[in-house]
Amino acid sequence: MEMSLFEPRTAVSYPFSSFKHQVERFSRCSSCKGRFFRASYSRLPNKASCSGGVSSISQEKLAAEAFTHKINGTNGLNSKLFSRDSRLLDAADDQYDGIVIDPNGLPSNPIVFSSNLRFSLSHWKKKGKKGVWLKLLVEQSELVPIAIKAGFQYHHAEPGYLMLTYWIPDGPCMLPANASHHVGVGGFVINDKNEVLVVQEKYCSPQFANFWKIPTGFIVEKEEIYTGVAREVKEETGIDTEFVEVIAFRHAHNIAFEKSDLFFVCMLRPLSTQIIVDDFEIQAAKWMPLAEFVEQSHVKEDVMFKKIIDICIARLDKYYCGLNVHQLVSKFDGKLSSLYYNIVDGEDLNCAGN
């Protein structure tokens with residue numbers, strides 16, 4: 001459902017790999033001067049015990065001071081010990097010479113986190129790194145003020161986490177901004193009786209209380225336009241539909257939370273007739289004769305909405321062709337994508353057969 005005539009009623013994410021560290025402990029020690037086994041992301045005690053292995057260390061201190069040990073030598077002789085600084089936060093390089101910090105490896109102690117964060121930033125600066133991504137989970141919220149004090153900035157938030165960023169080099173930050181647009185859809189559904197599927201919203205401004213409009217809503221994450229509009233129509237009215245094409249789309253700015261808005265008007269073919277109203281957000285729904293629908297004052301007096309309806313009618317009369325969806329794979333990313341266009345050569349003209 002939309003906030004006004006055809007605006008979506010309510011309002012992205014970067015992929016982050018999970019980090020898993022395998023810890024190998026010393027299985028036994030027959031002599032304090034004997035051969036060490038290789039350990040990863042574990043910490044040796046100051047004095048190894050021949051009978052007990054690793055001495056008792058608190059779990060918090062172990063997480064904060066963990067480092068890697070590697071043993072190089074011949075037949076266990078002349079071994080050399082290399083270590084990873086315990087103050088360096090667990091992180092991975094991204095493809096843009098940046099850093100993605102592992103949220104699961106962060107110290108829970110705020111003092112340790114603050115110290116390790118400052119050390120890590122200094123280390124990454126010396127290494128010539130650029131952008132730093134810090135994902136803090138809900139249960140790590142007490143670390144947010146520390147990161148902000150260290151120079152991190154808010155990037156975006158989701159129900160389970162807050163994302164912050166830090167730009168290391170001098171000069172303007174080149175990290176991509178948070179998502180700038182909402183994507184809304186409206187379903188123009190018309191049956192073989194020349195009736196349009198329309199709804200009245202339960203929650204709207206008084207001036208639109210009696211206005212009959214097309215079903216509208218927002219595309220959710222990882223959802224296609226053509227599947228999202230069919231879902232919205234189904235949720236609001238109970239009508240099953242088949243996507244035909246995108247008729248037109250509108251681009252507006254400073255809509256919700258100062259974001260821009262893309263709104264796609266789609267034509268759909270009804271596959272069922274019985275209306276089941278969503279009582280939570282819809283006041284009423286019905287099939288309305290097209291002639292009656294276009295005579296509503298809100299349609300006739302609003303330039304934008306009237307133009308959209310005129311385009312839809314032109315499409316019905318086959319004077320206009322919209323954009324159909326085509327599934328294609330791009331060589332650049334190897335992913336399946338939806339490309340919206342119409343074919344205008346010969347018998348394949350989209351609007352000719354629909």
Side-chain angles (χ1 to χ4, degrees), residues 13-27 29 36-49 52-71 81-94 97-169 173 175 178:
S13 165
Y14 296 85
F16 290 90
S17 302
S18 59
F19 300 77
K20 296 181 180 178
H21 302 301
Q22 300 297 328
V23 178
E24 300 176 14
R25 297 184 180 277
F26 294 95
S27 59
C29 175
F36 286 99
F37 289 86
R38 184 174 65 184
S40 300
Y41 289 87
S42 61
R43 182 182 185 274
L44 291 175
N46 293 331
K47 294 182 180 180
S49 170
V54 180
S55 63
S56 176
I57 301 175
S58 68
Q59 184 177 1
E60 180 63 46
K61 188 174 181 181
L62 182 63
E65 300 181 358
F67 59 87
T68 304
H69 298 274
K70 293 184 178 179
I71 306 301
L81 182 66
F82 296 90
S83 66
R84 170 188 180 274
D85 198 300
S86 62
R87 295 168 294 176
L88 192 62
L89 295 175
D90 291 338
D93 296 337
D94 66 20
D97 207 17
I99 293 293
V100 180
I101 299 175
D102 174 18
N104 298 310
L106 295 176
S108 59
N109 186 308
I111 297 176
V112 176
F113 171 72
S114 178
S115 176
N116 291 3
L117 182 62
R118 290 195 302 271
F119 176 83
S120 299
L121 290 174
S122 177
H123 173 79
W124 294 327
K125 184 175 183 180
K126 293 177 183 177
K127 299 286 285 186
K129 296 300 180 181
K130 297 177 181 177
V132 181
W133 297 89
L134 174 61
K135 179 179 181 180
L136 294 178
L137 308 178
V138 171
E139 56 269 26
Q140 298 168 321
S141 59
E142 63 179 347
L143 304 181
V144 174
I146 299 172
I148 295 297
K149 188 175 181 180
F152 278 80
Q153 296 184 345
Y154 295 121
H155 188 269
H156 70 274
E158 294 291 342
Y161 70 86
L162 171 69
M163 184 65 69
L164 301 103
T165 60
Y166 185 98
W167 183 249
I168 296 177
C173 177
L175 292 176
N178 185 27

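All figures in this text were calculated on a predicted structure; none of them were measured in a lab. Side-chain atoms are counted along with the backbone in the values below, which use heavy atoms only and exclude waters and symmetry mates.
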Problem set entry | Partners meeting side-chain contact (heavy atoms from CB on, under 4.5 Å) with K129 (sequence neighbours left out) | D93, D97, I99, W124, K127, I168

Mind listing the side-chain donor-acceptor pairs of residues 144-154 below 3.5 Å, one per line with the distance, residues two or more places apart or on another chain?
none

Problem set entry | Ring centers of Y166, H155 separated by less than 6.0 Å | no

For this session: Could you tell me the separation between the NZ atom of K135 and the CG atom of N104, rounded to the nearest 0.5 Å?
Result: 8.5 Å

Problem set entry | Counterpart residues, side chain to side chain donor-acceptor pair (under 3.5 Å), relative to T165 (two or more places apart) | none

Problem set entry | V138 to Y161 - nearest heavy-atom pair and separation | CG2-N, 4.2 Å

Seminar exercise, completed: When rounded to the nearest 0.5 Å, the distance separating CG of D94 from CH2 of W133 is 8.5 Å

For this session: Could you pull out the closest heavy-atom pair between L162 and H156, with the gap in Å?
Result: CD1-O, 3.6 Å

Problem set entry | Which atom of N116 lies closest to which atom of P107, heavy atoms considered | ND2-CG, 3.7 Å

For this session: Just do the side-chain contact (heavy atoms from CB on, under 4.5 Å) check on L136 and L106 with the steps written out, would you?
Result: CA-CA 9 Å; L136 294 178; L106 295 176; 3.5 Å; yes

Exercise. side-chain hydrogen bond (donor to acceptor under 3.5 Å, both in side chains) between R118 and S122: does it pass, once the steps are laid out?
Worked result: CA-CA 6 Å; R118 290 195 302 271; S122 177; over 6 Å; no

Problem set entry | Heavy-atom pair with the smallest gap, counting every atom of S120 and R87 | OG-O, 3.5 Å

Exercise. Nearest heavy-atom pair of G105 and D90: which atoms, and what distance?
Worked result: CA-OD2, 3.9 Å

